[in-house]
**Student:** 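Next up is a structure, given as structure tokens.
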Amino acid sequence: MTKIAENIAALSQEIRALERDSQRPEGCVTLLAVSKRHSSAMIREAAAAGQVHFGENYLQEAESKIAELADLALVWHFIGPIQSNKTRGIAALFDWVHSVDRLKIAQRLSEQRPQDAEPLNICVQVNVSDEASKSGVSDQEVALLCAQIDGLPKLRLRGLMAIPAAVQDYDEQRASFRQLAALYHSLRERHPGMDTLSMGMSNDFAAAIAEGSTMVRVGTAIFGARN
Ligand SMILES: *Cc1c(COP(=O)(O)O)cnc(C)c1O
């Protein structure tokens, strides 16, 4: 077994144990492997270990890797900040986008999604607990943006994503994730198709799963430190 395969197997076991600990159904949390700044050879190794979902932050870097790995049936998630001039490429290459935080970007992704492709799966990024970051809508803005995305023909609203400020304290981690989960549950009354709460990274996925995460985005704990 390669190191990457070992990491994926250990993480999958840990995720199953955390699901059980919080009385959640087995398999309700999907592992998204964040492969930014790692080579396509490493992604291929992870895929050989059964990993299907991969997350990338930079369009240019992702373009070449997605092309090199076109022989594999992988699901690609865009999770980085989005500039307007990158929407066409993102809409063409990715299956999911987790980092939508303004209407203009959502409109462009819908318009530029190829006609023969399935609607693009969208999570709205919310700025919880991280005052310093410019990414993400506020709690107050999220309902409006979700309603607007619902009206766009080539997008499918799937849920919410957040990157809370990095803290080590488990209870503090849980408090931020609980805030996002509460927003998600209130929005689901109007948007019953929402099924995804994208929260938790290498350092805080246990707290995220305890608060209801359905997708953890893990890079370092699978691939090691980034260069
Ligand atoms: C890089 C990144 C991750 C993965 O972070 P790790 O700490 O390496 O697990 C998750 N989500 C987003 C949005 C990222 O940019």
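One-based numbering along the sequence shown. Just so you know, ligand 1 is whichever comes first in the structure, and atom 1 is the first atom listed for that ligand.
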**Student:** Tell me, please, which residues at least two apart from Tyr184 pass ring-ring contact (aromatic ring centres under 6.0 Å, His included).
**Tutor:** none
**Student:** Identify, with sequence neighbours excluded, every residue that meets ring-ring contact (aromatic ring centres under 6.0 Å, His included) alongside Phe54.
**Tutor:** Trp76
**Student:** Through direct or indirect side-chain contacts below 4.5 angstrom among Ile, Leu, Val, Met, Phe, Trp and Tyr, which residues connect to Leu32?
**Tutor:** Val34, Val52, Val75, Ile79, Trp96, Met215
**Student:** Is Arg16 paired with Glu19 through a side-chain N to carboxylate O contact shorter than 4.0 Å?
**Tutor:** yes
**Student:** Is a donor from one side chain sitting under 3.5 angstrom from an acceptor on the other, for Asp139 and Gln179?
**Tutor:** yes
**Student:** Taking non-hydrogen atoms within less than 4.0 Å of ligand 1, which protein residues qualify?
**Tutor:** Val34, Lys36, Asn57, Ile79, Ile163, Met201, Ser202, Arg217, Val218, Gly219, Thr220, Arg226
**Student:** With a 4.0 Å cut-off on N to O distance, would you call Asp195 and Arg156 a salt bridge?
**Tutor:** no
